[in-house]
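Inspection log for the structure reproduced underneath, given as structure tokens.
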Amino acid sequence: MVNEQSDIRREKLQRITELGIDPYPPRCADALPIAGIREVGETEESVTVSGRLTARREHGKTVFADLRDTTGSIQVYLGMKTLSDTEWTLLGLLDLGDMVQVSGPVFVTRTGELTVKCQELTLLCKSLRQLPVVKVDSQGVVHDEVTDRDYLYRHRCVDLQVNHDSMERFGRRSRIITSMRSYLDERGFLEVETPILQPIYGGAAADPFETMYGSMDQKFYLRIATELYLKRLVAGGMERVYEIGKDFRNEGVDRTHSPEFTQLELYEAYADYAVMMDRFEEMVAGAAEAAGTGTDITVDGTLLSLRPPFQRIGFMDSLRKASGEDLFSWEPAELEALMEEKGIACETPDRITMLDKLFDHFVAHRIIGPAFVVDYPVELSPLAKRKQGDPAVTERFEAFIAGLELANAFSEQNNPLLQREILEEQARFSAHREGTLDEDFLYALEVGMPPTGGMGIGVDRLVMVLTDTARIRDTILFPHLRRVDQ
RNA sequence: GCGUCCCUAGCUCAAUUGGCAGAGCAACGGACUCUUAAUCCGUAGGUUCCGGGUUCGAUUCCCGGGGGGCGUACCA
């Protein structure tokens with residue numbers, strides 16, 4: 001489709017080429033980051049800076065332009081007298097969005113703006129698309145901010161350029177992940193990669209994406225968790241392992257759920273869920289520092305502290321307190337009546353599922369935290385060990401911050417006979433399973449896995465908390481959108 | 001999946017009861033040698049998401065489709 005705006009830019013491109021200028025040169029001279037130039041300040045010496053043209057203010061034989069790179073923005077002064085004829089002509093053919101390199105001394109204008117006086121102008125890349133022009137006035141008010149989420153998600157390259165917050169958020173995401181990786185690396189954890197395509201899926205309860213493996217003529221699934229493979233590695237003698245990667249759950253999308261999301265799973269031999277609590281506390285505090293927020297953060301207007309130790313909340317206790325009833329002694333029919341009264345839907349109204357839903361309703365989403373919910377009923381925790389002295393509950397916790405479930409951890413079940421029994425039982429009742437046991441996982445447990453603590457951390461959600469972001473999609477660079485046929 | 005709201009120029013948004021589709025920014029032409037949402041004069045820019053229907057006439061009302069936002073459900 002022909003569009004007048006891009007026609008104009010293509011024409012300019014043509015004229016630039018006719019000037020003997022390569023609009024897409026293969027390389028350019030070394031340049032200082034803009035932040036570096038701001039540090040140096042005024043100087044007679046010539047500096048070189050590269051960036052994208054974001055604004056232009058013309059005054060006849062003089063032009064002021066703004067140049068931006070990842071480190072910041074700076075004003076450039078371009079005068080007809082200080083440029084060659086070709087450069088001056090080139091300047092007239094530049095558009096907002098073009099990338100250029102300028103060289104010259106740095107001075108301060110009458111109005112106090114640090115400015116590079118351009119004595120050499122080089123085009124680095126001609127932009128053929130007109131991007132939205134977002135302006136910020138002297139009061140700091142943003143004008144014409146782009147708010148069309150569809151447009152921004154479909155063209156993240158535009159979002160990153162016009163929305164400073166977005167660029168900032170993804171920078172923080174990267175630093176958060178780096179800090180967690182460093183934390184684990186420094187403690188002797190081995191980063192590994194396990195299959196994304198799996199013949200049998202497991203490690204969580206969720207609908208999988210299915211695919212066909214052509215040359216094997218077999219159905220495969222995109223993993224819903226890395227758990228069962230990582231435990232195989234612990235059984236094999238990799239005593240400390242972790243994986244940061246995508247899991248895929250063929251489920252609905254909402255503010256806190258993305259079908260493709262990033263999870264960090266780690267397993268530590270000779271440790272238990274109490275050790276995992278320490279790990280979580282330390283990693284979150286470290287990630288907060290890396291994100292530049294420190295441990296006192298604000299999420300959706302609420303102040304909270306990420307300084308360890310985090311609060312412990314009993315699953316059953318908290319439900320008892322929050323509901324004012326001892327729901328654990330209730331009959332299923334009574335629970336069902338309460339569910340109906342509260343308007344909580346439940347497809348499989350067995351006692352334990354209902355208790356879990358009631359917990360979500362009364363407790364989970366209201367936990368500001370940070371807090372560890374402990375003592376989960378065994379029925380909800382098929383891969384966790386039972387608590388000594390209280391076989392009704394498991395050595396498991398879920399970590400909550402600002403109402404979000406951020407982590408799930410337990411002392412891993414390593415009794416192969418018990419694990420088989422539980423998984424077989426599970427397979428009989430769970431709608432999510434197709435009755436396929438992961439025999440190779442059980443084989444690994446039979447070979448023998450030492451006492452082990454394991455944990456999964458929802459990375460996208462951690463980023464949400466540490467960047468005060470309301471939607472998980474805003475922490476994912478390329479969230480899924482329906483395909484639109486053009 | 002269900003409910004609800006939205007889709008108009010490159011971007012942000014108008015358009016009375018159903019009556020000539022408009023503005024700001026960006027773009028284009030011109031003026032201007034320290035501006036910074038630069039300013040001033042002028043110009044162009046539209047499949048009103050798509051397809052039907054009602055009507056003399058549809059951006060507006062109705063039906064169907066597409067995409068998105070929000071809420072809700074599913075997600076040990």
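Here is how names work: the chains are called A, B, and so on, in the same order as the sequence lines, proteins then strands, and each is numbered from 1.
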Minimum-distance nucleotide (side-chain atoms of [X] versus [options]):
X	options	result
A:Asp150	B:G69, B:A76, B:G67	B:G67
A:Arg396	B:A76, B:C75, B:U36	B:A76
A:Lys81	B:G71, B:U33, B:U35	B:U33
A:Asp254	B:C75, B:A76, B:U33	B:C75
A:Arg482	B:G68, B:C34, B:C28	B:G68
A:Gln5	B:C11, B:G10, B:A76	B:G10
A:Thr147	B:A76, B:A38, B:U12	B:U12
A:Arg255	B:G71, B:A76, B:C25	B:G71
A:Val133	B:C75, B:A26, B:U33	B:A26
A:Lys61	B:U33, B:A37, B:C75	B:U33

| task | Would you give the length of the straight line joining atom CZ of A:Phe359 to atom OH of A:Tyr376, rounded to the nearest 0.5 angstrom? | result |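 A:Phe359 atom CZ to A:Tyr376 atom OH measures 4.5 Å (nearest 0.5 Å).
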| request: Report the distance from atom CD1 of A:Ile401 to atom CZ of A:Phe280, rounding to the nearest 0.5 Å. | output: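 These two atoms lie 4.5 Å from each other.
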Rounded interatomic separation in angstrom, taking [atom1] from [X] and [atom2] from [N]:
X	N	atom1	atom2	result
A:Lys12	B:A26	NZ	P	13 Å
A:Glu58	B:U36	CD	P	15 Å
A:Leu93	B:A27	CG	P	13 Å
A:Ile8	B:U43	CD1	P	17 Å
A:Arg110	B:A38	CZ	C1'	14 Å
A:Arg483	B:G67	CZ	C1'	14 Å
A:Arg9	B:A27	CZ	P	8 Å
A:Arg249	B:A76	CZ	C1'	10 Å

Got more than 12 heavy atoms from elsewhere within 6.0 Å of [atom1], [X]?
X	atom1	answer
A:Asp85	CG	no
A:Glu42	CD	yes
A:Glu18	CD	yes
A:Glu260	CD	yes

| request: Tell whether A:His143 reaches the base of B:C25 with its side chain through a donor-acceptor pair below 3.5 angstrom. | output: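 Such a pair does not exist between side chain and base.
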| task | Measure distances between side-chain N and O atoms of A:Glu145 and base N and O atoms of B:U12, and say whether any donor-acceptor pair falls under 3.5 Å. | result |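 No, the side chain and the base share no sub-3.5 Å donor-acceptor pair.
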Counting any heavy atom closer than 4.0 Å, what does [X] reach on the DNA or RNA strands: base, sugar-phosphate only, or nothing?
X	value
A:Val158	nothing
A:Gly252	base
A:Leu481	sugar-phosphate
A:Asp137	base
A:Gln139	nothing
A:Pro377	nothing
A:Tyr77	base
A:Thr109	base
A:Glu379	nothing
A:Val136	sugar-phosphate
A:Phe359	nothing

Looking at [Y], is its backbone amide N or carbonyl O close enough to the side chain of [X] to form a donor-acceptor pair, meaning the two atoms are under 3.5 Å apart?
X	Y	value
A:Arg129	A:Val158	no
A:Arg56	A:Ala65	no
A:Thr43	A:Val106	no

Tell me whether the side-chain N/O atoms of [X] come closer than 4.0 Å to OP1 or OP2 in [N].
X	N	result
A:Lys357	B:A73	no
A:Lys135	B:C11	no
A:Arg56	B:U35	no

If you measure from the [atom1] atom in [N] to the same atom in [M], how many Å do you get, rounded?
N	M	atom1	answer
B:A21	B:G45	P	14 Å
B:C7	B:A15	C1'	16 Å
B:U60	B:U54	C1'	13 Å
B:C49	B:A58	P	15 Å
B:U4	B:A9	C1'	29 Å
B:A38	B:C62	P	43 Å
B:G46	B:C41	P	25 Å
B:U12	B:U8	C1'	12 Å

| With both distances kept under 3.5 Å, what pairs with B:A58, Watson-Crick or G-U wobble? |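 By the stated definition (distances under 3.5 Å), nothing pairs with B:A58.
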| task | Counting Watson-Crick and G-U wobble pairs only, both distances under 3.5 Å, name the nucleotide matched with B:G42, or none. | result |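 Across any shown strand, B:G42 pairs with B:C28.
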